[in-house]
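Reading through the structure tokens given below for one structure.
Any value given below was found using the heavy atoms of this structure, including those in side chains, with hydrogens, waters and symmetry copies removed. Predicted model, so just to flag it, every value in this text is computed and none were measured.
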Amino acid sequence: GENVEQHPSTLSVQEGDSAVIKCTYSDSASNYFPWYKQELGKRPQLIIDIRSNVGEKKDQRIAVTLNKTAKHFSLHITETQPEDSAVYFCAARMLPNQAGTALIFGKGTTLSVSS
Amino acid sequence: GAVVSQHPSRVICKSGTSVKIECRSLDFQATTMFWYRQFPKQSLMLMATSNEGSKATYEQGVEKDKFLINHASLTLSTLTVTSAHPEDSSFYICSARDGRGTKNIQYFGAGTRLSVL
């Protein structure tokens, strides 16, 4: 089955700096890679996702890159703000035909942005 | 956007009792829902895949007789923790996939914090 590794486990940055979180996956059949943000005591919220036919996707201050050959993908947050502080999870899954295939998550990265 | 509702949000129970958690997709049909367990400051660990009208698929190490899953309709899946013990105390969270159109986005419920005394 799929195995997702995520690094670093904790990341502290100053407001305005960039933050990068990296993930690797094991199953070459995986083709969908979402990133979730989870604030303390709340549900994970999808912030951005990327599919295997795309190498990069950007949404305002957030971008994700994918290298299928190396089986790794990264989350980039620019101009970080204190409200970006949360736990970020990467995940991987096969889709769309595998309807019953769940997301497999990395262990999470606790991002702290200090002002 | 799509919403997944999960109840209750918090349960405190005595050891030996059973607890039922409901997960509903509010504005889309979900033939498949997923149940995860999350320990403090840890990741979401997949417990089982709930399939409408058929048996759930459990991950290795998850006791199916301990964690009963029922997916009786296209919008409701339930997880019952039977004969709960303190080691079952955890944060349980469900999710459902909105497969309409090209979305394929997985939405999460708000989670249920179970505390077994």
With a 4.5 angstrom heavy-atom cut-off, could you sort out which part of [X] is near chain A: side chain, backbone, both or neither?
X: B/Gln106; result: both
X: B/Gln38; result: side chain
X: B/Leu44; result: both

Practice prompt. Decide yes or no on side chain to side chain contact (heavy atoms under 4.5 Å, CB included) for A/Lys22 and A/Phe73, but give the supporting numbers first.
Written response: CA-CA 6 Å; A/Lys22 298 181 179 182; A/Phe73 55 112; over 6 Å; no
Please classify the contact of [X] with chain B as side chain, backbone, both or neither, using a heavy-atom distance under 4.5 Å.
X: A/Pro44; answer: both
X: A/Leu46; answer: side chain
X: A/Phe105; answer: both
X: A/Gln38; answer: side chain

Discussion item. Under 4.0 Å between a side-chain nitrogen and a carboxylate oxygen: does that hold for B/Lys20 and B/Glu22?
Written reply: no
Worksheet item: Between A/Glu39 and A/Lys37, is there a salt bridge with N-O shorter than 4.0 Å?
Response: yes
Worksheet item: Can you check whether B/Trp35 and B/Phe67 have ring centres sitting under 6.0 Å from each other?
Response: no
Discussion item. Is the distance from the ring center of B/Tyr36 to that of B/Phe91 below 6.0 Å?
Written reply: no
Worksheet item: A/Val113 and side-chain contact (heavy atoms from CB on, under 4.5 Å): which partner among A/Ile77, A/Asp17, A/Val13?
Response: A/Val13
Item to complete: I would like to know whether A/Ser26 and A/Glu2 meet side-chain hydrogen bond (donor to acceptor under 3.5 Å, both in side chains); could you show each step before the answer?
Response: CA-CA 6 Å; A/Ser26 61; A/Glu2 178 63 273; 3.0 Å; yes
Discussion item. Quick check: under 4.5 Å, non-hydrogen atoms only, which of residues 68-85 of chain B neighbour chain A?
Written reply: none
Item to complete: Would you kindly confirm whether B/Tyr92 and B/Met33 end up in one hydrophobic cluster when ILVMFWY residues are joined by side chain heavy atoms under 4.5 Å apart?
Response: no
Discussion item. Filter on salt bridge (charged side-chain N to carboxylate O under 4.0 Å, His left out), then keep only pairs touching residues 57-81 of chain B, sequence neighbours left out; what's left?
Written reply: B/Lys66-B/Asp88
